[in-house]
Enquirer: 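Quick one: the structure is below, questions incoming.
For reference, positions follow the sequence shown, starting with 1. In each ligand, atom 1 is the first atom listed, and ligand 1 is the first ligand listed.
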Amino acid sequence: MVKVCSLTCESLENPLGLPTMHPRFSWIIKTGINSAFQQKYHIEVSEQDCVVWSSDVIESGQSVFVPYTGKPLQYATKYLWRVKVCVADMWSEWSEYAWFETALEKWNADFIEADDKPEESCVKTFRKKINISGELRSARIYATALGLYNICLNGNPISDTLFNPGWSAYNSRLLYQAYDVTDLFTKNSNVLTASVAPGWFKGDFGFINNRSYYGSKMAFSSQIELHYADGTYECISTDDSWQFSDSPIIYTEIYHGETYDARKENAETWKAVTVSPSTNYNIVPFDGVPVRRKESFKPIAYFTTPKGEHVLDFGQNIAGRVRFNVRGNSGDTVKLRHAEVLDREGNFYIENLRDAKCTDLYILKGAGIETYEPAFTFHGFRYVCVDEYPGELDPQDFTAIAIYSDMKNIGNFSCSDSLINQLHSNIQWGLKGNFLDIPTDCPQRDERLGWTGDVQVFINTASYLHEVQAFFRKWLRDLAKDQMPDGGVPFVIPDILNNLKPDSDNVILNEKHSSCGWGDAAVVVPWTLYIHYGDKRMLEEAYPSMRGWVEYIRSKAIDNLWNTGFHFGDWVALDAKDGSHFGATPNDLCATAYYAYSTELLAKTAEILGNSADADEYRLLHSKIVCAYQSEFFTSNGRLAARTQTGHILSLMFGLTPEKFMARTIDTLVELIEENGGHLVTGFLGTPYFLHVLSQNDRLKEAYALLQREEYPSWLYQIKKGATTIWEHLNGILEDGTMRDPGMNSFNHYAYGAIGDWLYQVVAGIVPLEPGFSRILISPKYGGTLTNVEAELNTPYGKITSAWKLHDSDFLLNVKVPPNTNAEICMPNGETYTVGSGEYSYRCKIT
Ligand code: RAM
């Protein structure tokens, strides 16, 4: 039997408001047949029972990103599509129908504004009464805001998505969402309300307590398109017929929390809006992944701290917020503060939040059970301090809700070491806690910015955990928009620092862009996505930005060494001088290493895109950088000038070590581990590759020893200290239980979690040999104290599993290879097998 399922369009399931008119289709084949390859496919696209494109039978194995090649699609139109495939001379049935709906041709609606002042952090509600005169065939609301918005129709939310319209490079592209509300309208009179909050647009943001970065006035814009069964059409846009009022949300800020006065419900005074044109903004369809409520947690404890604080413990550090039920009198209050950790004495610890207040306040109306959850804020927390609450508190009335971009989880990993399993969980929660429309550094303090370096080091691990393609496609578009004219890449994307006044006391505000390892996100992120998803079009789109970045470095490099400018370098490495975050590895070494790496990836990209002139040019440039690196940093006998772990790691990982010095370089790295008592002292740049360079160079034993080390500094130290996420510093909580300097001490910072890819690629051994995993290497490497491992990865072709165990003196491996791919299986004893899809078991002796 052959079946086709998991149909996606532009890697989205049934997208509404598709941001392209040239979609591509992907599907997964399910079959029990071994070595199943697709021989042919047939796609059919229809609109209202009418087939608009039939591909006919195409002899091709392509099942991922198959382009639509029918006649031009119509805007704002829903299409159904289905596919059937032929495998082993057997045709499947037609798949179930999937659908996509194209976006608007252009944005026509104006903005409407209320009376909020620049300094105000309140919510305004806009209202429109809509009369539905006939039977609706379809109804869509398209909406965006300067700020954040939530829409209700007749009092009910029209969507479960949050933090719309998302955060983009607002001045270059403001996103709108599309909603199907056909079933939400009632006959005759309806009331549509849109609440708008300051959010990223106007709120306190950007970690120097700056506000109104993008603008000082909130606004809302919407187009409501009604198609009636009788063929008539009506469009209702935001205009002067709308009204606004204050909202019960009297204060809301992403950093600081929300205040809701329930006594103000249904007490609106409606006033006339001000209309302003939207033509200053490039309003385009949302192209990311919507943010939703995901896991929820009940308190695992409710206790009183030594200081007398009443604290709920939800057991997991998350980004999200708390929903609660309460009963009391009108004017009673519930006040919650949020924190990630307790201090050594067990008190509520908020110093590391810096200026973020992370406080929610609810004022009761006094009418039976009242339920509240903030709307426009999120906090990074595990603990909640209940400062005010009327009457006896029942912890069961409280629920913590994790909120993040709703990407599919694709990777799972477990093994015989529960600490490593917790590490994997912490890495995954690092992602969930920081992928909220944009990838942030941390979700708790007054920062929460799209730091490029954090993404650059984590992207490969992220790609093993969740389906991140659409999430990063959006972010890369913002990166390209915010890139400097000379190709420089801002430290954060969206770039909320660029227009701020330089400040010589604040290195970040002074420099603002183009550190090695940070700006390289422009190249490393699209390249890594290409390797995981095989999407050439995305690479093509990113190419100018990738090239711009390498050209930027070229303009700053002297004799092929990047030895100018400001760099974060091996950020927060433990070999930094006391009180400094800058690791001991020299900047010119890190910067030139990244210059070589980005140039190499750019040359490969040019080759893939068929641009042979660029490919030749960047290959040549790459070889010159490598030569310059080697003559600058290696002595004639092969000693590396920087005697640091990261210096050696980068030299090995990026192919910068002369062949004849490989042995010496790896030996020295191992010495450097020993000199540090068997520990890592690397920062952002060295850590992600540490285990890889060891395992790639026959030092698997040392790699496992480092991974499984439990005492400080190590990955597992923080787990022994109770961490449920990855910390910004290996020693966020010191051995004696005291905290590091609160100025920069996040307990949810995924950068050190960049080691997650080693669990998948080396421990479980799942590696893409061709982009998108159409050819797979399964080459697990046992070691340390591990006796069994199970990993799975849902790729564009379907699920790969790699599960091994040690039994007596045997290594037993079970693998599953999805249809339409083939795999090289490499056993630890060197035996290899080439197989097509199916489930296979292998055994060899442990050596
Ligand atoms: C900190 C951020 C981030 C890092 C920068 C350089 O402020 O938290 O992780 O990329 O510094």
Enquirer: Give me the residue, atom name and distance of the protein heavy atom closest to atom 10 (O) of ligand 1.
Expert: Asp454 OD1, 2.6 Å

Enquirer: For Asp588, check salt bridge (charged side-chain N to carboxylate O under 4.0 Å, His left out) against everything at least two apart and list the hits.
Expert: none

Enquirer: Ligand 1 versus Arg445, non-hydrogen atoms closer than 4.0 Å: side chain, backbone, both, neither?
Expert: side chain

Enquirer: Quick one: does Gln456 get a heavy atom under 4.0 Å from ligand 1?
Expert: no

Enquirer: Looking at Asp360 and Arg321, is there a salt bridge between them, counting it only when a charged N and a carboxylate O are closer than 4.0 Å?
Expert: no

Enquirer: Salt bridge between Lys294 and Asp406, side-chain N to carboxylate O under 4.0 Å?
Expert: yes

Enquirer: Against heavy atoms of His749, which atoms of ligand 1 measure under 4.0 Å?
Expert: 2 (C), 3 (C), 8 (O), 9 (O)

Enquirer: Quick test of your reading of the structure: of Phe491, Trp451, Phe684, Phe582, whose heavy atom lies closest to atom 5 (C) of ligand 1?
Expert: Trp451

Enquirer: Hey, what's the ring geometry for Tyr464 with His532, parallel, tilted or perpendicular (30° and 60° as the breaks)?
Expert: perpendicular

Enquirer: Which of the atoms in ligand 1, numbered in the order shown and given with their element, are less than 4.0 Å from a heavy-atom of Trp518?
Expert: 6 (C), 10 (O)

Enquirer: Near Trp571, which atoms of ligand 1 are under 4.0 Å from a heavy atom of that residue?
Expert: 4 (C), 5 (C), 6 (C), 11 (O)

Enquirer: Using heavy atoms and a 4.0 Å limit, tell me yes or no: is Glu728 in contact with ligand 1?
Expert: yes

Enquirer: So Tyr255 and Asp204, side chain to side chain donor-acceptor pair (under 3.5 Å) or not? Walk me through it.
Expert: CA-CA 7 Å; Tyr255 287 158; Asp204 286 344; over 6 Å; no

Enquirer: Only one of Tyr629, Tyr597, Tyr595 passes ring-ring contact (aromatic ring centres under 6.0 Å, His included) with Phe654; say which it is.
Expert: Tyr597

Enquirer: Which heavy atom of the protein is the closest neighbour of atom 7 (O) of ligand 1, given with residue, atom name and distance?
Expert: Glu447 OE2, 2.6 Å

Enquirer: Only counting residues at least two apart or in another chain, list the ones meeting salt bridge (charged side-chain N to carboxylate O under 4.0 Å, His left out) with Asp441.
Expert: Arg445

